[in-house]
Every structure is written in C-alpha cells, then in structure tokens.
Amino acid sequence: MPLIIAAGHATLAGQRERNEDFVGMVTPNEPEISTKGLIAAIADGVSGNEGGRQASEYAVRGLLTDYYATPDTWPVTQALDKVIKAINGWVQHQGSIRPELSGMASTLTCVVVRGGFYYFAHVGDTRLYLLRDGKLQRLTTDHVWDRPEMNHVLTRAIGLDSRIAIDHGMGELREKDVLLLATDGVWASLTEYDIGSLLAELANGTKNADAAAKSLADAALTAGSSDNASALVLRIDALAQENLRDVLSYSKQLPVPPKLKTGQNIDGYVVEEILHASQVTLVYRVTDPRTQQKLVLKTLHPDRAHDDQECTAFAHEEWLAKRMVARFFPQVITPDQKNYLYYLTTWHEGATLQQHLDAGKHFTTPDAISHGTKLVRALGALHRRSIVHRDIKPANVHLGDDGELRILDFGVALSGFEAAQGSEAPQAGTPSFLAPEQFDNAPPSQQTDLYAAGVTLYQLLTRHYPYGEIEPFQRPRFGEPVPPTRYRPDIPLWLENVLLKSVARNPAERFETAEEFLLALERGASRPLAAPPMKPLVDRDPLVLWRLVAAVSIVANFLLLYILVVR
C-alpha cells in the first residue's frame, strides 16, 4: 500500500505588516517517495526588515529542493544535516554582504515521512507536535535563552552563526497519527490542550486538513497573538511498507537494555521469566500490567551493545518478524513507547518440539504427519514472502497448546535481494540440519529449508539424524541416508520414501517447493512416492569404489609377482 497523507496549511500575518513565516511541502512520486520520502517544513524569519522574510523563504525552498538532490544512499538525517548547514552558510553570507539584509535569520523545523517512520530536523523555536490516540506530544525543544525575561530570544537559528547545531529525531508512525508544524505565533497563544482539541478534529475526520490548519491560526489570533500565525498539518491515512533502511537507522538510536531480572520493568512491561540466554541475545517472558497480557521480549545481550553488525542483524530480524502476519508465526506487538532496542511478540503456551523430545515424548506416525504438514505449510508461507529461514530445527518449531505450530527465531534469516545473494552470506544454522551442498559453500535456498524440515521430521520419529550427528567445524562426508525404518520399523513405507526424498544428498532429487512436499504428505498412502532407486556404487560412495579398485589392483599385483617368482 502506498503512503497516503492528508495535508493542509494556513499562514496569517495577524497584526504584523509583513508575514515573515514560510511553509512548504513536497510529495514526490515513485521512486523518490520510497527512497527519500515526503518532506514538509516551516520557518519563521527573524529581522526588523525584509531580511526575515527572505531568510525563511530561502530556508524552506532551499531545503525542499536540495534534499532531493542528495544521494539516495545517504541516511535521511545526514541529508538534512548537510543541506541545512549549507543553507545556514548562504543566509549568513547574504546578511553580511548586503546592508539591507543585515541580521537576517530564520528558525526552521522540518519533518520527513518515509515508510513507517518520521524524521525531523529543527533549529529555533518553531515546533513539531505529534497527536496519537488523542494525546499530544511535543517532539522539539525551543532554542531560546533559559531566562523568563529572554525566553523569546533565540540561541540558535539559520544565519545566526557560522556554525549551527541541528537537533535531529526519529520515530515510528501509525495510521491516524497527526503531525503539526507551527510557528510561535500559534503555539505561544494556545495551550497544548487547545492544540490537541483542534488537531483531534482532523484526526477523527470532523475537519479536513486545510480547515484544521486555519482553525489553529485563527484560534491563535483570537487568543491575542500579535505575531504571524502559521500551521502545517499532516494526517497519516495509510502507511507504506517499512523500509529496511529506516528500521536500521531507528535501531541505531536505541540503547541496548541492561540484563534484566525477574520483577524488573522495561517500558512498562514486567519481566516474569528469562526464557533463553545466549552470547548474542536474551529472551524474556514479560507481562503488560494494564492488560495482564503475556508477551515475549527479545533483545541483544548487553555485551553486544556496541557491535554494529549484531545490532544491524537484530534490527533486520525484527523487520522480518513484522512481515510474518500469519498463524504460523508469533505476531509482533508494537509498544506504546520504546526507549530500548528490543521487540515484542505474542506469547503462546506450549513448548518447542525439542523440549518435547528432551522430555521423552514419543511422537507417533500420525503426530509426525500432522506436525510435518503444518511445518511445510509454514515454510510455504515464508518462502512466498521471499524469506529463507536458514535454521529450521526442533528447537525453533513451537507446538502451542492451541494445536498451532509456529516457527521461531529469524536471527539468521535472509529476505528478498539478500536471499538472491545468499552465496555471499556466511554459513548459518545448526550443522546437523544443514544440507550437504552448504558445506561446499552453496547459497541457502528454499530447498535447504525443506531439507532441514525433513531432518526435523526424521528426528521426531527416530531421535537420530539421517547422516549421523554433525559437530560444529566438522567437515562431513555424505553417503546415503539411513532409512528411518532401521530405527522405527513401524514407519509406513510411503512416509519413509517422503523422508528420504526430503533429505536426499543431491538437491535435484529433493522436493523443489514446499507445495510439492506438502502434497506428498497429504496424499500419503493413497498415492505414495516411489522408493528411491538403487544407485550404483560409484554414485553412492565414490571413495569406497576407488578403494575397492585399489584393493583389487594390489591383489592382482601380488598374484603376478607370485607367478613370476614361482617360475
């Protein structure tokens, strides 16, 4: 779905002879709307002559034009910073060389909306507000002297100094959020309650964007404002799909939380239990005290807080988890506030298949068929989204008390373009579940996920691996998989054929897609797969064949030598 925004503005001179405010906005088409986003800006000129108006207009026009001229590879914050600093230099230079523009300066506040995030840059005392669920939040801080008699005197502004410090911020957006850019002629005369009430009319559809902006400007003048009154409002009607670059940028701004103990609180959630701890991640079960809902909170280990690669991988994992809107996966929950690097998912009573195995549970053939069908369906949903999991195993497959099977842990998953470039990705996953070709640095693929699913079902039934257990850093040799009936004679022949096909050493002999695997499981004994054909020794184990040839050659040589000696 594309980004849809309702926007409106109003700017009134009020009791002033000249309106020194300036507002502007650009809503580009593709591909700019995806790569750069839309940008809105407001400025309030500072000068006793025409320089104030020129400064504010140039600041806004220059920003709206030059922002889209920056490289697409630059982060939004970097692009805004570079452009605003260039504008600052130009405005200050003009004020120094033209007497009629002496002292020209301007405040500037802008916001960029891209994907599911907003970015802002700010200098001066124009303001940016966010209205969400009826609550108004001011996102910017005024750059004025912290003394009552001087709280209208700017400490920072465009053109005020050769060096300028710009405030930057970023946050997630939701549908029906309302953003307000306002000059001090509006916010100084109205209470935040009044501002919130007027914006609420836009949020609930009582007024359109232009009417809401004009209501704010009119209300400010009615309340006694003697300054120019300008407002620019944006209502988010529909959000575009999150851009991975935005997610990565956002994650870098959030600190990793310290290691938490039972009973501690993080952003309002109470830690009930530590579910998993590794050298890289920590997983907690938490409770929302307001709703008593149980959730799972996953975050990085504090020791990895300064590891850019791990932080990026974690943000990518969260981004992928949000894409998985289906019953086969835990669903990501968006917190009301998020001050640390973590993400929340739904909690489901039950246990992983590995936990069931460790507890000694016996899986019957109907159990394996039922779980296998659900697992392959889940992989099909994953692959249709161009995601390769890369670590399917019993420990990452959760069987809920509600009967649903869910895939966990997207920590090493690849998606889209990355999956196509999988050959460049480091080998990941659990060795015993890696397809044979991956030990020769073949790229991960949908087929390698299906191979791991086959090993998972094989292990559920037999508690063994088709090629034996493979230790980390081991360089295994693959012969032919051991038929599962060697460990479980009660396994029907058709199911054995399905398992052997799923874990075949040669990728060409395996299932090509999850749908093909699913069809074989659903047809079962009614339309069974043919048994794998017997292969010549040279195909089954070339090394054994050559050893046999060498042994025969040695014996023949000894016979020839014996015959020569006897003669």
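Side chains included, hydrogens not; waters and symmetry mates left out as well; all remaining heavy atoms used.
Evaluated for a ring pair (Phe, Tyr, Trp, His ring centres under 6.0 Å) with Phe314, the options Tyr250, Tyr343, Phe410 yield exactly one hit, Tyr343. In summary, of the residues considered (Asp409, Thr345, Thr281), a side-chain hydrogen bond (donor to acceptor under 3.5 Å, both in side chains) with Lys298 occurs for Asp409 alone. Applying the salt bridge (charged side-chain N to carboxylate O under 4.0 Å, His left out) test between Glu349 and each of Arg285, Arg406, Lys294 identifies Lys294 as the sole match.
Using a distance-only test at 3.5 Å, with no hydrogens or angles considered, no donor-acceptor pair links the side chain of Asp288 to the main chain of Gln293. Asn265 places no side-chain N or O within 3.5 Å of a backbone atom of Val270 that could act as its donor or acceptor partner. Side chain of Ser526 to main chain of Arg523: a donor-acceptor pair is present (N/O by atom type, distance under 3.5 Å, no hydrogens or angles).
With salt bridges taken as basic N to acidic carboxylate O contacts below 4.0 Å, none links Asp402 and Arg327. Taking the charged nitrogens against the carboxylate oxygens, Lys135 and Asp133 have no contact shorter than 4.0 Å, which rules out a salt bridge. Salt-bridge check for Lys338 with Glu318: passed, with a basic side-chain N closer than 4.0 Å to an acidic carboxylate O.
The shortest heavy-atom contact between Leu457 and Leu499 is CB-CD2, 3.8 Å.
Rounding to the nearest 0.5 angstrom, the gap separating the CZ atom in Arg132 from the CD atom in Glu172 is 8.0 Å. A distance of 8.5 Å separates CG of Leu379 from NE2 of His389, quoted to the nearest 0.5 Å. Atoms NE2 and CG, from His301 and Asp307 in turn, are 13.0 Å apart once rounded to the nearest 0.5 Å. Put simply, OG1 on Thr346 and CG on Leu295 are 8.0 Å apart, with the number rounded to the nearest 0.5 Å. Annotation: the span from Thr364 atom OG1 to Ile369 atom CD1 amounts to 8.5 Å, rounded to 0.5 Å. Rounded to the nearest 0.5 Å, atoms CG (Asp177) and CG (Leu130) are 5.0 Å apart.
Ring planes of Tyr467 and Tyr451: parallel class, angle under 30° (limits at 30 and 60°).
A cation-pi contact links Lys501 to Phe511, judged by a cut-off of 6.0 Å to the six-membered ring centre and 45° from its axis.
With ring centers used as reference points, His168 lies 6.0 Å or more from Phe120.
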